[in-house]
Amino acid sequence: MTYSLPSLNYDYADLTPYIDAETMKIHHTKHHQAYISSLNNTVNTNNINVSTLTELLSDIKNNTGINEPVKTQLINFGGGHFNHSFFWKCLSPCKSKINNDEILNKLDPKLLEKLNETFNNFENFKKEFSDKAIKLFGSGWVWLICKDNKIFIETNINQDNPMMENGNVVPLLCLDVWEHAYYLNYQNNRALYVENWWSVINWKFVNEIFVNVCIEKKKLLVLNNGEIVVE
Ligand code: MN3
């Protein structure tokens, strides 16, 4: 059993007009699949035991037991598989723009309380997350994470993620700001892509991770096939 592409819980066209169908299809079947094919090649070539993505990548940056060129491949290709698998789960269909009040109604009260405690209010959180996404230089990701009962916004370049530095970090939400995620529809207007992305966030998924993993301390696992389980 090697690594494989997860199917999506929605159709490629379901996120229009905020993310277009062609972008979704290419992003999923070409970009994500390419990371998986490269990851499988790396583990096969180097006789690496295939484990869940969580096990493969947790703390990998601090692992001195893997030679550096192979570690770089695992970070880039494994990260590409992990990050995209998580990103797809963070999206859900929406046909009309969602305003902040509507988002507040979708948030679990405990998550809202934590956001308010950390960022003063939801608007500040949204602004800080968006600013970081717009200003991130080059290609990378923005994450909302939970660590030691606190929440943070972190940015990572390329296919890095916060769990590679610290396996105790719990990812809650992520945004792909590589150009391949938006260029067909938005060209250079990353800011508009980021603004529209807020309407297609799957808050049910974010709520579930926050309550089950950050509060109730269950374990989050991202499997070889990109599926995400809490146990
Ligand atoms: Mn991508």
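All values derive from a computational prediction rather than experimental measurement. Ligands are counted one by one from 1 in listed order, and the atoms in each one are counted from 1 as well.
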Which pairs of donor and acceptor atoms, one on a side chain in residues 85-93, lie under 3.5 Å apart (sequence neighbours left out)?
{"residue": "S85", "atom": "OG", "partner": "H81", "partner atom": "O", "Å": "2.7"}
{"residue": "S85", "atom": "OG", "partner": "H81", "partner atom": "ND1", "Å": "3.4"}
{"residue": "W88", "atom": "NE1", "partner": "H32", "partner atom": "ND1", "Å": "2.9"}
{"residue": "W88", "atom": "NE1", "partner": "H84", "partner atom": "O", "Å": "3.3"}
{"residue": "K89", "atom": "NZ", "partner": "E227", "partner atom": "OE1", "Å": "3.0"}

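- Other members of the hydrophobic cluster containing L184, listed by chain and number, are I26; membership follows side-chain contacts under 4.5 Å among ILVMFWY residues, whether direct or relayed.
- Of all heavy-atom pairs spanning Y3 and S51, the tightest one is OH-O, 2.7 Å.
- Interatomic distance, I103 CD1 to E123 CD, rounded to the nearest 0.5 Å: 10.0 Å.
- Listed by chain and number, H27 NE2, H84 NE2, D176 OD2, H180 NE2 are the protein N/O/S atoms closer than 2.8 Å to the Mn ion (ligand 1), with waters left out.
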For residues 143-160, please give each side-chain donor-acceptor pair under 3.5 Å, one per line with the distance, not counting sequence neighbours.
{"residue": "N149", "atom": "OD1", "partner": "K217", "partner atom": "NZ", "Å": "2.7"}
{"residue": "Q159", "atom": "OE1", "partner": "N83", "partner atom": "ND2", "Å": "3.4"}
{"residue": "Q159", "atom": "OE1", "partner": "W141", "partner atom": "NE1", "Å": "2.8"}
{"residue": "Q159", "atom": "NE2", "partner": "Y35", "partner atom": "OH", "Å": "2.8"}
{"residue": "D160", "atom": "OD2", "partner": "K61", "partner atom": "NZ", "Å": "2.5"}

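- The nearest pair of heavy atoms linking Y186 to P17 is OH-O, 4.0 Å.
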